[in-house]
Amino acid sequence: MEQLPASVQEHVRQGAIGAHAAMKHLLPMARANGEACAVLCAAIAGHKLSTQEVGQLYTAWREGPAA
């Protein structure tokens with residue numbers, strides 16, 4: 001969890017993003033692009049997305065076009 005941006009860690013601590021989703025999907029994203037991870041987390045925080053839904057967003061980010 002220490003490799004996640006501070007803003008993402010705070011969302012996890014507050015319960016806005018699930019810890020399992022953060023470790024499984026957001027941590028690899030943060031390693032690749034911490035800024036993009038922070039932006040995604042700010043957008044999804046509080047929506048109570050499941051781990052699977054966060055995974056779908058991560059996959060779309062990873063495999064989608066840059067635009």
Side-chain angles (χ1 to χ4, degrees):
M1 290 293 285
E2 295 160 354
Q3 295 177 4
L4 289 171
S7 61
V8 177
Q9 290 182 33
E10 189 59 31
H11 287 304
V12 173
R13 280 189 202 103
Q14 293 175 354
I17 295 175
H20 186 256
M23 292 186 63
K24 183 170 174 109
H25 302 296
L26 300 178
L27 184 57
M29 184 180 191
R31 289 178 180 150
N33 187 332
E35 185 178 329
C37 181
V39 169
L40 174 66
C41 288
I44 67 172
H47 289 282
K48 300 292 184 185
L49 299 180
S50 68
T51 298
Q52 182 179 9
E53 290 168 325
V54 174
Q56 290 170 342
L57 289 171
Y58 168 65
T59 300
W61 172 81
R62 188 183 70 225
E63 295 177 359

* Do you know the tightest heavy-atom contact between V54 and H25? -> CG1-CB, 4.0 Å
* Straight-line distance of C41 SG to M29 CE, nearest 0.5 Å -> 7.5 Å
* To do: Give the cluster check for V39 versus W61: same hydrophobic cluster or not, with ILVMFWY residues linked at side-chain heavy-atom distances below 4.5 Å.
  => no
* Reported CG-to-CG distance for the pair N33 and L40, which is rounded to 0.5 angstrom -> 11.0 Å
* **For A30 against Q3, the heavy-atom pair lying closest together** => CB-O, 4.2 Å
* To do: For M23 and L27, work out which heavy atoms get closest and say how close.
  => O-CB, 3.6 Å
* Whether K48 side chain and G18 backbone form a donor-acceptor pair below 3.5 Å -> no
* Asked: Atom OG of S50 and atom CD of Q56: how far apart are they, to the nearest 0.5 Å?
  -> 7.0 Å
* Structure fact -> Interatomic distance, CZ@R31 vs CG@L26, rounded to 0.5 Å, equals 11.5 Å
* Asked: Rounded to the nearest 0.5 Å, how far apart are CD of Q14 and CD of Q9?
  -> 12.0 Å
* **Heavy-atom closest pair, residues P5 and G34** => CG-O, 3.5 Å
* To do: Return the minimal non-hydrogen interatomic distance between A22 and V12, and the atom names on each side.
  => CB-CG2, 3.7 Å
* Structure fact -> Rounded to the nearest 0.5 Å, the CD atom of E10 sits from the CD1 atom of I17 at a distance of 11.0 Å
* Asked: Is the number of heavy atoms from other residues, nucleotides or ligands under 6.0 Å of Q52 CD greater than 12?
  -> no
